[in-house]
There are 2 protein chains.
Amino acid sequence: MQYCYQYPHPAVTTDIVVFTIQNQQLDALFVRRRNAPHQGQWALPGGFVDIDEDIDTCAQRELFEETNVSNLYLEQLYTFGQHNRDPRERVITVAYYALIPRDRLQPKAGSDAQEVNWFPINQLPELAFDHDLIIKKALERIAAKAHYSTIAFQFLPPEFTLPELQEVYQILRNETLDKRNFRKWIQSLDCLEETGDVRRNGSHRPAKLYRAKHPDVVEIIK
Amino acid sequence: MQYCYQYPHPAVTTDIVVFTIQNQQLDALFVRRRNAPHQGQWALPGGFVDIDEDIDTCAQRELFEETNVSNLYLEQLYTFGQHNRDPRERVITVAYYALIPRDRLQPKAGSDAQEVNWFPINQLPELAFDHDLIIKKALERIAAKAHYSTIAFQFLPPEFTLPELQEVYQILRNETLDKRNFRKWIQSLDCLEETGDVRRNGSHRPAKLYRAKHPDVVEIIK
DNA sequence: GCAAAAGTGTTACGCGTACACCCATGG
DNA sequence: CCATGGGTGTACGCGTAACACTTTTGC
């Protein structure tokens, strides 16, 4: 079966930069390509937009196929449309980024037999296509958002401690923060509530647990 | 001649929100549709991406075709990809916005016989497709940028006075600013230089003329 | 009792904001 | 000389940034 048009049409894909934080590092998810071009190289998860599928829905679907997790924070990033970015045919890709909390990482990410892997964002392998550009843009975006939104909560489980939250902000903003000032700031946003519980992990004072008042919305602050 | 594919392909367009400031108002440019669907309604300028044309280039081309002006500030805004946003076929549009200074407005914008018109953004006509959504997103973007960038310069001729610059900021941010505080702020950015000349317009003290130190870059500030 | 991380207040400085009068020109 | 808009400085308050010690636990 063939689909014919009076004028040439590009193919459209979505690619998703999936971020998580583990081992004190920001990691992104990649899939090893099994076919040419760029066979064997690592690439962002993604794929073609179905003809009657919204592009947001497509991104959600691709994301689920690679991570087995749904309902993640997902935001459109930028559209990459250099005419020669794919040697096979004209492909325009709408890039998204998604954030996945540690506690929802699957033991083996990926539903099919594909080889997938997390890489720390400062030790990336060589990437297929223009995916290095996409990553770069995604990093800029989340670093910026870490300054004026509650995006960091999306990396954490529903209950977390203030030192954990501070660590996420530090990794995203790539700077160390003063503990007292950070606490004063985050408390003043009135977006946290104590669970009443504590977390004990080590021979030291236990940390109080908090949860976000509105865990599903990324609030713009300041 | 037909172009055939193994899988259905969407059409891809770019639409451009062209902004200018005239008569103390922010205006956007629209084209009246001559064909169904939405025949007779106003729509954003835009059109199909050629198969071997970068999407940025396409936006530039469409922009030039409607305004006869090139080398404008042009930035990608967002990609709109609801599957049913165009009743004819699947069309994904990559929206851009452009800023055009007063002094480069053509007497009759538009190169061909199409009916084109500027509308103040708070008196928009009913728009075709989802173009109201696109405008809304573009307005949010430039209002935000007016707070943390030198975007306002792009609305002005190469030489301008401080009252003129302040007016642009006020329109974009939709608030009045204190004259002395505005001047202190803008001078502190070290992005202006006096031309040494003045502009006389009326029976009052003439205003000093300034130019941007880097007229082609929109600097991120603060 | 000691090591290790959690928790907690105060001070200083800079920036943003509020505010009123003189200046230069054209008619 | 008068109307019109251009141009200028200061004071106050708030928010950001710097900074050190006590608390609680596990071993």
Side-chain angles (χ1 to χ4, degrees), chain A residues 21 23-24 102 144 146-150 152 156-157 159-211 219-222, chain B residues 21 23-24 102 144 146-150 152 156-157 159-211 219-222:
Chain A
I21 290 182
N23 312 318
Q24 262 91 277
R102 272 199 280 286
H147 283 88
Y148 65 84
S149 81
T150 56
L156 291 171
E159 303 195 352
F160 49 87
T161 66
L162 291 187
E164 285 167 351
L165 184 59
Q166 181 177 349
E167 185 186 59
V168 173
Y169 272 100
Q170 291 183 157
I171 291 168
L172 295 181
R173 296 166 62 161
N174 203 27
E175 60 184 347
T176 60
L177 302 172
D178 179 83
K179 201 192 337 181
R180 282 169 292 188
N181 291 338
F182 173 76
R183 283 159 183 255
K184 210 186 313 168
W185 173 71
I186 201 79
Q187 305 268 18
S188 76
L189 299 181
D190 189 37
C191 58
L192 292 179
E193 53 190 19
E194 297 191 16
T195 68
D197 224 341
V198 294
R199 168 169 300 158
R200 299 167 189 276
N201 61 334
S203 53
H204 53 82
R205 181 168 176 174
K208 287 186 195 167
L209 282 168
Y210 293 81
R211 71 180 138 248
E219 298 177 71
I220 303 303
I221 53 190
K222 188 181 171 275
Chain B
I21 289 181
N23 312 318
Q24 263 93 273
R102 272 198 281 287
H147 283 88
Y148 65 84
S149 80
T150 56
L156 292 171
E159 302 195 351
F160 50 84
T161 66
L162 291 187
E164 286 168 350
L165 184 60
Q166 182 177 347
E167 186 187 60
V168 173
Y169 271 101
Q170 291 183 158
I171 292 169
L172 294 181
R173 295 167 60 161
N174 202 27
E175 60 183 347
T176 60
L177 303 172
D178 179 83
K179 202 191 338 182
R180 282 169 293 191
N181 291 338
F182 173 75
R183 282 159 186 256
K184 207 188 316 170
W185 173 71
I186 200 77
Q187 305 269 17
S188 78
L189 299 182
D190 189 37
C191 57
L192 292 179
E193 52 190 18
E194 296 190 16
T195 68
D197 226 339
V198 295
R199 168 170 299 156
R200 300 166 189 278
N201 61 334
S203 54
H204 54 82
R205 181 170 175 174
K208 287 187 195 165
L209 283 168
Y210 292 81
R211 72 179 138 249
E219 297 177 72
I220 303 302
I221 52 191
K222 189 181 170 257

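Just so it is clear, the model here is predicted, and its values are computed rather than measured. Below, chains carry the letters A, B, ... as their sequence lines are ordered, and counting in each starts from 1.
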Checklist entry - Is K184(A) side chain donor-acceptor paired with the dT8(C) base, going by distance under 3.5 Å alone? => result no
Item to check | Distance in angstrom units between W185(A) CH2 and dT16(D) P, rounded | outcome: 10 Å
Item to check | Separation of atom OH in Y210(B) from atom P in dG6(D), rounded to whole Å | outcome: 12 Å
Between side-chain atoms of residues 196-206 of chain B and protein atoms elsewhere (two or more places apart, or another chain), which donor-acceptor pairs fall under 3.5 Å?
residue: R199(B); atom: NH1; partner: E164(B); partner atom: OE1; Å: 2.9
residue: R199(B); atom: NH1; partner: E164(B); partner atom: OE2; Å: 2.3
residue: H204(B); atom: NE2; partner: N201(B); partner atom: O; Å: 3.0

Item to check | Nucleic acid contacts - residues 164-176 of chain B versus DNA chain C, non-hydrogen atoms under 4.0 Å | outcome: none
Checklist entry - Is there a donor-acceptor pair closer than 3.5 Å between any side-chain N or O of E167(A) and the backbone N or O of Q24(A)? => result no
Checklist entry - Nearest to the side chain of R205(A) - dA6(C), dT8(C), dG9(D)? => result dA6(C)
Checklist outcome for this item: Rounded to whole Å, NZ of K208(A) lies from C1' of dT8(C) at a distance of 10 Å
Next on the checklist: Measuring to OP1 and OP2 of dG7(C), would you say a side-chain N or O of R180(A) lies under 4.0 angstrom away?
Outcome noted: no
Item to check | Strand-adjacent residues in residues 194-202 of chain B, judged by heavy atoms under 4.0 Å from DNA chain C | outcome: R200(B), G202(B)
Item to check | Toward the 5' end of DNA chain D, by each residue's nearest nucleotide, H204(B) or N181(A) | outcome: H204(B)
Checklist entry - What integer distance in Å separates K179(A):NZ from dC21(D):C1'? => result 10 Å
